[in-house]
Amino acid sequence: MSEGSSARRRFVYVASGISALGGLLFGYDTGVISGALLFLKKDLGIQHDAFMQGLVTSAILIGAMIGALVCGSLADRLGRRRLTLLAGVVFGIGAIGAAASPDVAVLVLFRIVLGIGVGLASVIVPMYIAEISPAEVRGRLTSLNQLMITLGILVAYIVDYLLAPYAAWRWMFGLAVIPAAALFVGMYFMPETPRWLVGHGRLDVARQVLGRTRGEERIEEEIEGIQEAERRAREQAGWGELVKAWIRPALIVGLGLAILQQFVGINTIIYYAPTTLTKLGLGDSASILAQVGIGVVNVLFTFVAIRTLDTIGRKRLLLAGSVGMTASLAVLGFLTLAVGIKGGAIGIITIICLAVYIASFAATWGPTVWVMLPEIYPLRVRGPAEGLATWGNWASNFLVSLTFPSMLAGLGQGFSMLLFAGMGVVSFLFVLALVPETRGKTLEEIEEELNVEVDKAG
Ligand code: BGC
């Protein structure tokens, strides 16, 4: 590799890495509640108020829905870089506010603020990385976002574990101010993406950024590709486009992926694992420790996706993930129905099933959905369309997380698991029938292919 090209590679990695701090905050702020709740409910006097506990937990998801929805048009208006800076500020305010909350109402308010940061980050980070990186490493770099989400969750579990003896829930929330500041400062020195710049007529700056990320010989070719996509988009531009026929295939694929990622039940484990584990007879701190184990599996298997997304491809990974999740959930479900939740040998099988399930998700659906969302939408509607799909992800997360405790009480553990296994089957069929392969193509090529398919259908 020439000196110039390795310097460019390094620059793309640094820019992606800094932007992915937004993913770290996404993971930390959603994961930290599992331990913090144990202590804040006593301090704030809500230990007998299940509704308030649920609200403190899911307020972040309400905020995330808001953030994801406004993010699309803000990303188009302000630019990807400035919106990331804004997300950093929102994360900082949320962290300090949550840590200093005098009562539960203020805490809920700041959890919503944090959620807005999470929602913004969930759209803008994959978009920034997808647009700043060259096609051949795009999958690997966008999945850096998911790696940081899983790292954020793991760090939150570890912080919870370490601070538990001091019941220091305020510190658990407050520490997030450190990555928030790092995101803001780091991003301040990073450039805007070439696609946004070309779209806003700033061709000179776009050329400079492409020079730093792609190499001289590809600059004009990429600029032309973006301009061509822009021209096509102008003929069909606007929010109203989201209901038109030509965009429908991409919209269905994006929303379907985003919603199914939650309907397979991942966050019943990410947010609620200690509850399940205590039922197996583990003590409180052993449960939090086992949850750290789940966090480690979650991080490690994300590397499988990073290595394979650009070689094996997105579609085959998703299919394999659906099979792994369905199988582990089905075994777990039938086992629970047959013998109930117990310790001993059954407990070990349960933990193995949980690990297989988490590994299957982490290596496939976790990263792939965030990698594909910014790939499948045409440039002009990318902001709003990605925002809509991401909103669908948060709304279904909210639905599952809010109803899971009642589902457990009503259906029981066994049938609940089988219900999620059923969703695993749905996710397999959905990918098989509708999801296109996007590995190795430029964003403009993917757009063209989706258009051609519509022309053929029409
Ligand atoms: C999902 C989150 C989930 C996380 C687990 C992400 O891709 O969107 O809802 O908590 O993966 O690692």
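Each residue takes its place number in the sequence, starting with 1. Excluded from the calculations below are hydrogen atoms, water molecules and symmetry mates; all remaining heavy atoms, backbone and side chain alike, are included. Read the numbers this way: they start at 1 and go in the same order the structure lists the ligands and their atoms.
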Checklist line | Within-shell test, Trp365 vs ligand 1, heavy atom, strictly < 4.0 Å | finding: no
Notebook entry, point to check: Thr30: heavy atom below 4.0 Å from ligand 1, yes or no?
Noted result: no
Notebook entry, point to check: For atom 5 (C) of ligand 1, which protein heavy atom lies nearest, and how many Å away is it?
Noted result: Ile153 CD1, 3.7 Å
Margin query: Return the closest protein heavy atom for atom 3 (C) of ligand 1 as residue, atom name and distance.
Written below: Asn267 OD1, 3.5 Å
Check: With only distance considered, is Gln146 within less than 3.5 Å of ligand 1 through an N or O on each side?
Finding: yes
Checklist line | ligand 1 to Gln261 polar contact by distance, N or O atoms, under 3.5 Å | finding: yes
Hey, which atoms in ligand 1 end up nearer than 4.0 Å to a heavy atom of [X]?
X: Gly366; result: 7 (O)
X: Trp370; result: 6 (C), 7 (O), 8 (O)
X: Thr150; result: 12 (O)
X: Asn298; result: 5 (C), 12 (O)
X: Gln262; result: 1 (C), 2 (C), 8 (O), 9 (O)

Note to self: Given 3.5 Å as the limit, does a donor-acceptor pair link the side chain of Ser401 with the main chain of Phe398, or not?
What the structure shows: no
Notebook entry, point to check: Can you check whether Phe263 and Trp365 have ring centres sitting under 6.0 Å from each other?
Noted result: no
Note to self: Evaluate Ile33 against Val56 for side-chain contact (heavy atoms from CB on, under 4.5 Å), listing each step before the verdict.
What the structure shows: CA-CA 8 Å; Ile33 192 69; Val56 172; 3.8 Å; yes
Taking all non-hydrogen atoms of both residues into account, name the closest pair between [X] and [Y] and its distance.
X: Trp370; Y: Ser122; value: CZ3-O, 3.6 Å
X: Val356; Y: Gly324; value: CG1-O, 4.3 Å
X: Gln261; Y: Val264; value: O-CG2, 3.4 Å
X: Gln53; Y: Gln47; value: NE2-O, 3.2 Å

Next item on the list: Indicate, as side chain, backbone, both or neither, the part of Val369 found under 4.0 angstrom from ligand 1 when only non-hydrogen atoms are considered.
Entry: neither
Note to self: With rounding to the nearest 0.5 angstrom, report the CG to OG distance, Asn267 to Ser58.
What the structure shows: 12.0 Å
